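I have placed the structure first, in the form of structure tokens, so that the comments after it can refer back to it.
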Amino acid sequence: MFDFENLDVYKKAKDLNKEVLNFLKENKQIDSYLRDQLHRASISVVINIAEGSGKFSKADKRNFYTTARG
């Protein structure tokens, strides 16, 4: 198990991603561009948290966490 997998924020981000995917699966009438944007944004949060946790400097970590939060 990687360190980031123990972070509560990572677990919550993964849950959010699953909720977004379920929402998109249930609502097929949503525009394809919007579907793609929502899907990519939700996975981006998860990825940025994971990547930021692997950085050694506080500035690097903060950059990835700020991107994830945005």
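We use all heavy atoms of the structure for the numbers below, so side chains are in, but hydrogens, waters and symmetry mates are not. Note that the structure is predicted; figures quoted are calculated from it, not measured.
Residue Phe4 holds its CZ atom at 13.0 Å from CZ of Phe64, rounded to the nearest 0.5 Å. Here the CD atom belonging to Glu19 is positioned 12.0 Å from the NZ atom belonging to Lys12, to the nearest 0.5 angstrom. Note: Ile30 CD1 to Gln37 CD = 13.0 Å, rounded to the nearest 0.5 Å.
Nearest heavy atoms, Lys25 versus Arg35: N-NH2, 4.4 Å. Taking each heavy atom of Ser53 and Tyr65 in turn, the nearest pair found is CA-OH, 3.2 Å.
Salt-bridge annotation for Arg40 and Asp36: present, with a side-chain N of the basic residue lying under 4.0 Å from a carboxylate O of the acidic one.
Other residues, nucleotides and ligands place no more than 12 heavy atoms under 6.0 Å from the NZ atom of Lys14. Counting heavy atoms of neighbouring residues, nucleotides and ligands inside a 6.0 Å radius, atom NZ of Lys11 exceeds 12 of them. Within a 6.0 Å sphere centred on CG of Asn22, heavy atoms belonging to other residues, nucleotides or ligands number more than 12.
Evaluated for a side chain to side chain contact (heavy atoms under 4.5 Å, CB included) with Thr67, the options Asn48, Ile49, Ile47 yield exactly one hit, Asn48.
A 4.5 Å side-chain heavy-atom check between His39 and Val20 finds every atom pair outside the cut-off. Considering only heavy atoms from C-beta on, Val45 stays 4.5 Å or farther from Asn17 through its side chain.
Tracing side-chain contacts under 4.5 Å through hydrophobic residues (I, L, V, M, F, W, Y), one never reaches Leu16 starting from Val9; they form parts of separate clusters. In the hydrophobic clustering of ILVMFWY residues, with side-chain heavy atoms under 4.5 Å counting as a link, Tyr33 and Leu24 come out apart.
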